[in-house]
Amino acid sequence: MQNDFLSGLNPVQRQAAETTEGPVMIIAGAGSGKTRVLTFRIANLLSKGVDAFNILALTFTNKAAREMKERISGLVEGTEARNLWMGTFHSIFARILRAEAERIGYPSNFTIYDTEDSKGLIKNILTELQLDDKIYKPSLVLSRISSAKNNLISAREYNSHAEILDEDRQSGKPKLGLIYETYDKRLFKASAMDFDDLLFKTNILLKQFPEVLYKYQQKFRYILVDEYQDTNFSQYLIVKKLAAMYQNICVVGDDAQSIYAFRGANIQNILNFEKDYPELKVFKLEQNYRSTQTIVEAANSVIRNNRDQLKKVVWTNNQKGEPVRLMRAGSDNEEGQQVANRIFDLRMQHQLANRDIAILYRTNAQSRAMEEALRKRGIPYRIFGGLSFYKRKEIKDLLAYFRLAINPLDEEALRRVINYPMRGIGKTTLEKIVVCADQNNVSLWEVISNLEQYRPVTGATAQKVSDFVMMVKSFRHGLVSSNAYELAMHIARSSGLLKELGNDKTPEGISRHDNVKELLNGIQEFVDTPSESEDEVQERTLDVFMQDIALLTDADENDKEDADKVSMMTIHAAKGLEFKAVFVVGMEENLFPSQMALQSREELEEERRLFYVALTRAEQYLYLTYANTRYRWGKIDFSEPSRFLQEIDPGLLQLPPDIAPESRGFMNFEEERLGFGGFSPRQGAAPAFKPREKPEASFAPKSNGSSGGFKPQPKMVPVAQAGNSQAFVSDDLSGLEAGMEVIHEKFGKGKVVFVDGRSGEKKATVLFDTAGQKQLLLKFAKLKIIQP
DNA sequence: CTGTCCTCACTTTTT
DNA sequence: GTGAGGACAG
């Protein structure tokens, strides 16, 4: 009776929601009602009398957490849902780190550096160490450090790890270890943590302080993790530790939708979950409630080409629906026009609203042509992603003042605003301060707040610097004496920032000014909203407001305008969303799959999963578009249709009218292109490659030595020759099935992915070592089976 | 110290 | 095509 709400679930969903004790893994196919199960499960826990304070739910975005909280609130009585610990890994553990900061030598008001801050710090370090930023590109250095941290390799371990050091030496970057070490020291001195530190330091905290671990193990009696396939090693270990006592852990994920390996996410976390918890109960949600049969099957036919995956059959009871439509355009602009026209038709013919429609692309840069076309056609749209509100220059400038008031050791903030708006403290002065701070091994703030002692500069300049210090100090007083809005307004005014922006009368300038005003309004709103949780009552001061500003993404911004607009975003940003009609644009080689992802099969498979995510966003109408030419780097680039297009079951795909399916069409074009061998036409004269490893190796972490999954920088791996010519070959194809090795006179050796069709017209999909994937009719193709 | 002009790298995806 | 950062003059 208290479980009335569970009756809205199908049997598997219901079981998954009711099995609240012990380890549970829910493998949730796209559109299978995953969020529904999660929310009902939590509501179920609450209705059984579990205290909301004892439930930890980790989601991928703040938005997902917020929405889930709302839905749970609707299911259970009272305001209990507010007290749930629900949020992203980063925000939840930032919160815990602030509470426990002293233990690891940090103040609780530490600053969180975003990527830009981190890169800035790296640049400064490079200058100081006199290293060439062409060789040590900050973004590359950062990703290397990030990768280390995500695998829990500290700077110290990094520098005592022969294999890693050797790798760096071989790649011509022997100083990476030194940079890492310096970077970490500087973060610590600035009382700052970068994104990865939030997880790294949590691990340290839980490891070094058993009493802290115990406390949170007790607290989080029930743990749920959404999007588990996207967790990295660091996150995996935190969860494992916290869940060790009660083992009431429920992870939800879909290996087919793992799209963040590039950021350290480890698909093995989900594939190996069973090993960690032998008692594990697994539930597979395979019925798709979202999409038409055609869309589900199209997506299935694509993902089938991946080798690393859990067994699962996504199916649907929904109607067959429209075919997937392929559209071709001459250029990226034309592609935009065609999409705009189609959107017009969809609205007219099928009564769709703009908000039912999404345009998805691989890279943010592609939004431009789309935007232009929609604007011309008068179709309202909203772009998600791109640069978030909080990453805009003018916002970051003001935030830097806030940060400095809260934590004057925050060096990146200091550098950002010490001469903005201009107050005569230029490059030379800053240089002197930096050198002085370095010589005395103190912070920049220490130097400038004790000018008489350190004397980096004198005379008029010293006066200017001292004025600046006085100003920041006065802001600091406001932290206790004023509420967030009063102080923020005061800072915006007396720093001169508001005036500076007000002077710029260009349209962009006005918009910047407006943005700052919007931020101030947001702070006002924050002050007026009482603290949410009963867990801890917080004053509405500026430092509370700033606590996880760095962790907010564009996706988290208030969707206050539920206006009727077409959504435009990257596929990554579209994860978890659904639309009646979806356009996946830019289906071209080197764009999707991305040129950067052609180095290894793992990378290509991630691109394919990304494509799978894109396809499964659609409920009813699905369009795939590509252009023959595209502007890239300001130049026209010729492009070819994406290899992924031919992976879609041809029976589900409607080609453009000018391409007859059987003749000179794009399929044939693809065959010609692939005919001369290799995945990429650019690889040219590649001899018989054997790009695959042994199947058994596929689920094992790849060559990571003792470094615990540490992925070295991409490098070329030598490939073995396919020389087992003495194997026995048979041309009896009656017993052909998936997994068998076959040989084709034109395409060479390959492996059968699957076989279908009835006996007369059996069709095999074969992944050839050099020629890529092909669908072959057995009665025509002269296939031979290679017997082991 | 500040302003302007020039070069060059940039496009994978994000907490 | 754009935006950031360097070189150089005022």
| Hey, which of these two, A/Ala597 or A/Met422, hits DNA chain B nearer its 5' end, going by closest nucleotide? | A/Met422

| message | By the 4.0 Å heavy-atom rule, please label A/Ile259 as base, sugar-phosphate, or nothing. | response | nothing

| said: Heavy atoms from C-beta onward define the side chain here; which of B/dT14, B/dC1, C/dG5 lies closest to that of A/Lys123? | reply: C/dG5

| Residue of the set A/Asn203, A/Ile204, A/Thr202 for which side chain to side chain contact (heavy atoms under 4.5 Å, CB included) holds with A/Leu206 | A/Thr202

| Which class fits the ring pair A/Phe592 and A/Phe644: parallel under 30°, tilted 30 to 60°, perpendicular over 60°? | perpendicular

| task | Measure the distance between the ring centre of A/Phe262 and the centre of the six-membered base ring of B/dT13, then answer whether it is under 5.5 Å with planes under 30°. | result | yes

| task | Kindly indicate whether the side chain of A/Arg362 and the base of B/dT12 share any N or O donor-acceptor pair separated by less than 3.5 Å? | result | yes

| Under the 6.0 Å and 45° cation-pi test, does A/Arg392 pair with A/Phe389? | no

| said: What's the closest nucleotide to the side chain of A/Arg263 if the choices are C/dT2, B/dT15, B/dC1? | reply: B/dT15

| task | Could you check whether A/Lys137 gets within reach of a base, just the sugar-phosphate, or nothing at all, counting any heavy atom under 4.0 Å? | result | sugar-phosphate

| remark: Among B/dC10, B/dC1, B/dT15, the one nearest any side-chain atom of A/Trp633 is B/dC10

| A/Tyr106 six-ring face occupied by A/Lys201 cation (under 6.0 Å, within 45°) | no

